[in-house]
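All remarks here apply to the structure that follows.
All chains are named by letter (A, B, ...) in the order of the sequence lines, taking the proteins before the strands, and each is independently numbered beginning at 1. Below, each value reflects all heavy atoms present in this structure, side chains not excepted, and no hydrogens, waters or symmetry copies.
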Amino acid sequence: MFTTSRYIAYAFCVSALLALSACGGSSTNIVEREPVENHDDHDDDEHSHGDAPSSKGRLVISSHDEPEVMVYDLDDGEELAHYPMESAVSAVYASANHRFALVLQRDGNQVNAIDAGFIREAHGDHFDYTIAAPSFSDFEMSGPRPTHFTLGSDEAVIFYDGNADTAEVAQVGVVSNANLANGAAGVRIELTTHQHGAARTLGEHLFLTVRDPQDTSTTLPDQVVFYHLHDGEYELEHTFEMECPALHGSAGWDHGVAFGCGDGVLVIHEESGEFVAEKIANPEGLSGRIGSLYATAGAHELVGVASGELFLIDPEAGTIEALSWTEDGREAVAYAFDAEGEHFLVLDGQGGLTRLEVEEEWTALAPIEVVASDLSGLSEDLRVAMAVSHASHLVYVTDPVALTVLEVDLESAAVTTALTLEAVPAKLAWTGFEGTHEEHDH
Amino acid sequence: MRRILWRSLCGLGTLGISALSVGAQAEEADHPNPAKLEVIEVVALPWHASTLESAQPVSVLDGEALARRQSSTLGETLSKEVGVHTNYFGPVASSPIIRGLSGPRVLITQNGLDAGDASRVGPDHLVTTEASTAEHIEVLRGPSTLFYGSGAIGGVVNIVDGRVPQDTVPTGQWHVKHNDVADEDLVSGSVTGGTGQWAGHIDGFWRESNDYRIPVPAEAHDDHEHADEVNEEEAHDESRLDNSAYRAKGANLGASYLLDNGFVGLSVGRLERTYGIPGHSHGEEALDVYADLEQDRVQVHSELSFDHDWFSALNTRLGYTDYHHAEVENGEALTTFANESYEVRAELFHQPLADGRGAWSFQYKHQDFEAVGAEAFTPPSVTESLALAWMEERHFGPVLLQLGARMEHVDVEADRLTLPMEDDESLLAVYSVAQTFEPFSVSAGAVWDFTPGYNLGVSISRAQRAPSSAELYSFGPHIGTSSYEVGALYELHSESDGHFHVEVSPAEVELETSNNLDISLRKFNGDFGFTLNAFYNQMDDYYYLAATGLEAESDHDHEHDHAEEESEGLPVYYYTAQDATFYGLEGQLSWQLSAPWQMVLTSDYTRAELEGDTPLPRIPPLRVGLELNYERDGWRASVGGQRYFEQDRVAELETVTPGYTLVDAELGYDWTLSRQTLTFYVQGRNLTDEEARPHTSFIKDQAPLPARSFAVGVRSQF
């Protein structure tokens with residue numbers, strides 16, 4: 001039984017088919033825009049050498065007052081982008097290739113990444129370089145309280161402390177440059193309990209701290225284990241029996257890693273194909289303990305920090321010696337090696353920058369008074385901060401009072417204003433193309 | 001009954017022991033191991049018709065046959081299907097070739113929705129589907145634009161899984177396998193069930209392999225005598241194909257709400273895969289490049305029937321995929337590909353009209369494709385398509401008539417297309433390009449049951465395709481194909497000194513049009529059955545990469561070659577539209593020798609040429625296969641071989657590929673334990689350790705097929 005309406009529908013179908021048969025065309029609309037510079041316009045010789053384009057790089061800066069980060073171009077001082085974050089930013093670090101800035105949000109249990117736009121592509125015998133607009137990366141790595149951050153040759157290592165209140169255990173995330181570029185999560189290891197620990201890679205090995213879950217007296221770990229990368233996964237290889245009570249702080253170099261212990265510095269280095277742990281005892285007279293360590297990739301000596309005092313650690317000789325850096329009792333707030341490992345830099349609470357010349361027996365040069373503003377009124381959670389350029393002999397220091405970032409030439413000691421900001425700067429990281437400098441640890 | 005028997009002739013089921021059991025069951029009432037009788041429904045067809053009822057050749061790989069054939073790539077899984085070959089890119093990224101057509105002409109769908117990956121852009125890109133958790137795989141050979149639009153002019157491969165459950169019947173399966181040729185391990189499983197009106201599904205897989213063993217050194221030698229001179233030590237060093245290892249895992253979770261008149265369900269899934277890209281080199285030095293891939297997929301399925309005066313049912317599918325993969329070299333992401341896509345398909349069925357049934361189909365698809373880096377040979381582009389199709393079928397006595405038409409509107413936009421300026425190489429000309437295409441497809445087919453147990457299918461179609469963004473806008477080195485590709489949107493001007501430059505062409509870009517005739521003769525009753533297909537496909541404005549004789553350095557954005565100075569330059573290929581003809585034969589014969597014994601003979605042949613009898617590249621050679629199957633008292637055995645003949649009809653810059661024969665065997669035992677059936681099996685592949693280099697592979701001279709291999713495994717179904 002067919003109704004009239006069905007016949008109408010059928011007729012409609014056939015009519016529509018006929019209408020459809022009129023299709024089958026195409027059109028093209030092309031609009032020419034203003035030409036742009038051809039960054040690949042270089043001769044064959046330049047190809048083979050693959051020189052990086054001349055750029056001072058970009059700074060990724062977190063705001064003290066808002067959960068956001070900004071990206072500034074150091075060549076023209078312009079703000080290129082700003083990105084709101086879900087939680088307050090606790091730290092900003094550059095990735096191993098200085099293309100990304102990793103934004104740690106400790107209270108928000110989250111790590112995000114900003115692609116600053118410095119893309120280096122391998123072409124077998126040379127590299128091609130592209131400077132793209134910054135972007136918010138797809139990468140994210142959540143975990144309880146991301147805190148400790150270190151760099152390997154090709155990867156970043158994030159230590160998540162865990163949370164005793166929520167019974168969340170500590171975790172370690174290893175994120176390669178490729179993971180960041182791909183938005184992939186990287187490799188994650190879950191530990192057995194919470195701890196304020198540390199981790200760092202050395203080639204295919206991952207060294208990290210462990211803590212006895214039964215010990216409720218401290219959140220600091222007391223032992224070190226190492227994992228080996230196998231088929232993309234880290235497998236536990238060995239636990240070092242030597243204890244490192246109240247472990248805090250770590251450093252790594254080409255042939256070893258070190259951790260700060262309450263009773264000295266634990267040095268782990270390779271010997272006859274195996275990793276050996278040795279402890280260098282604290283020197284007499286050291287009232288506290290070494291809780292921070294710094295090294296460059298090719299280092300023969302490490303720098304330890306104990307309550308603002310510097311110590312020079314020789315892993316081979318097994319010695320720890322005090323290192324003088326200030327004559328007027330300045331309070332250190334940040335430390336770093338410069339890009340070439342020629343200077344160890346100490347930024348103090350007055351905005352002064354002291355350079356210790358590594359090759360000159362760690363002699364401290366007169367401080368460069370970088371920040372002219374009166375910093376005495378700053379709240380306790382706001383301090384000056386610095387970021388080291390790997391493209392040149394420059395260091396960038398924040399002035400939270402004047403809302404500027406100052407550029408320091410380490411060779412000439414000249415200070416200029418690099419950026420004028422609209423927000424109070426807190427943490428910052430330098431991104432850009434490295435020159436011919438060796439990589440170094442933070 | 002007719003449909004049941006047809007199962008023994010359709011798809012890989014015909015080649016497998018399961019087909020034997022089903023066919024035998026239909027004919028032999030005293031078969032010792034009765035198999036479940038089922039009708040193979042093709043989900044890829046709008047009203048889930050059986051393979052028997054389609055005028056267009058359709059085959060289905062399912063059940064035991066799928067379990068046996070499933071491989072790490074879709075191309076390899078389907079490589080023994082009649083009319084289907086693989087573009088073999090190692091065990092990492094092979095995808096299917098249907099009747100000589102591949103890439104943007106063969107659409108890969110997951111549950112009827114676009115796979116949403118980058119596999120249509122390059123042969124070294126993975127098809128993001130997984131065979132180990134699939135329920136069945138459907139192959140539509142020939143133009144299928146009527147159902148799927150522009151990208152299906154050569155055919156469709158639809159991978160169907162149960163990620164969106166349609167009932168609460170508890171079912172499940174698991175599979176564990178180890179293959180020695182690459183130390184490959186596979187674990188997969190799925191469970192579906194539910195209670196009341198809620199149904200749930202979960203599946204997952206994990207697979208990993210080392211580099212695979214090869215019977216000869218990876219690099220093909222022009223002079224075979226020279227190859228014999230390779231000393232044993234060198235041969236040993238080259239006993240594995242470098243950079244062919246992979247690691248993959250994935251999982252899907254789905255839930256449905258069951259209604260009295262259908263269901264509505266949602267699934268979320270994730271797939272991760274890291275795989276080496278064999279044969280990937282820059283200049284003289286072959287560097288290990290690997291791809292790091294991730295894809296998230298969300299699908300919503302709904303099938304509802306109505307008691308309405310006009311409409312009887314509405315099937316809806318929505319999909320969202322977020323895909324990206326990075327090609328990593330020396331720790332640096334060399335190139336990153338991303339594809340974010342949305343798709344909506346809705347099929348509205350009308351109540352029977354004049355004894356006919358039919359439906360209107362609406363489809364919207366949005367794809368945002370981006371490639372960044374050294375091999376970003378095509379700029380970011382957005383493709384949006386909107387389509388409306390109409391399909392009807394009606395029986396006229398013994399003849400089933402099928403009609404359909406589809407109108408499509410395709411917008412392709414590339415907002416930043418750059419070319420070096422001819423008069424000032426320090427600058428790049430920048431263009432915004434917006435293109436609109438309106439392909440139209442129409443199809444008519446008939447299936448005539450001219451005598452009991454036989455039918456004749458005839459399908460005539462005229463299908464159109466909008467060229468893909470890669471075919472339009474490519475400009476740069478494509479390492480996956482070892483070529484420098486220039487898109488159809490450009491004019492390529494060669495100069496007397498061997499240099500060339502490229503300009504945007506003001507000419508209109510033509511639609512590619514396929515005029516296809518398909519004839520199928522099927523016999524599906526008795527101990528002896530067959531299906532024979534003949535096809536003739538006249539393609540107007542067929543887009544292909546034409547060799548230009550030029551060379552270019554492999555750096556992006558460089559227009560000028562340096563033939564004299566750069567001996568390692570890439571050959572320049574230019575997307576050119578020219579009329580082409582594809583025709584060929586496919587045959588499959590199944591003979592039930594006795595209750596336990598079955599013999600299956602298969603063959604296919606495709607001839608493809610441009611106007612003027614110029615062969616097209618990478619066209620599969622003549623292939624003949626023979627398989628003998630045995631099944632009794634739970635034991636299953638099969639032995640068979642496939643002969644790939646020499647392909648000497650080659651395109652410019654292509655070389656002749658010698659023929660080869662692959663011999664396989666399998667022994668299995670079914671053991672029913674409680675409510676599950678366990679199958680223990682041993683498989684042998686390439687038992688004669690033959691050197692086999694598929695002519696259809698871009699890297700045939702760098703990557704032979706695996707050496708002799710043995711696999712053991714256990715499967716379970718409950």
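For the atom pair CZ of B:R247 and CD of A:E233, the computed distance is 6.0 Å after rounding to the nearest 0.5 Å. Remark: B:F437 CZ to A:T28 OG1 distance equals 5.5 Å, nearest 0.5 Å.
Using a 4.5 Å cut-off between heavy atoms, B:D415 contacts chain A through both its backbone and its side chain. Using a 4.5 Å cut-off between heavy atoms, A:S27 contacts chain B through both its backbone and its side chain. Residue contact with chain A, scored on non-hydrogen atoms closer than 4.5 Å, involves the side chain of B:V504 exclusively. Residue contact with chain A, scored on non-hydrogen atoms closer than 4.5 Å, is absent for B:E413. Using a 4.5 Å cut-off between heavy atoms, A:I119 touches chain B through its side chain atoms alone.
The shortest non-hydrogen separation linking A:S26 to B:E508 is O-OE1, 3.2 Å. Counting all heavy atoms, side chain and backbone alike, B:T336 lies closest to A:A181 at OG1-O, 4.1 Å.
If you tally non-hydrogen atom pairs under 4.5 Å between each of B:T513, B:T436, B:L489, B:V433 and chain A, the highest count goes to B:T436. Your options are B:A245, B:A326, B:S432, and the one with the most heavy-atom pairs under 4.5 Å with chain A is B:S432.
When the side chain to side chain contact (heavy atoms under 4.5 Å, CB included) test is applied to B:R207, the partners found at least two apart in sequence or on another chain are B:Q70, B:S72, B:E130, B:S132, B:E184, B:L186, B:F205, B:Y246, B:A248, B:R273.
Between A:N179 and B:D292, some side-chain heavy-atom pair lies under the 4.5 Å cut-off.
Under a cut-off of 6.0 angstrom, the local environment of NE2 in B:H409 is crowded, with over 12 non-hydrogen atoms contributed by other residues, nucleotides or ligands. In the displayed structure, A:E86 atom CD is contacted under 6.0 Å by at most 12 heavy atoms of other residues, nucleotides or ligands.
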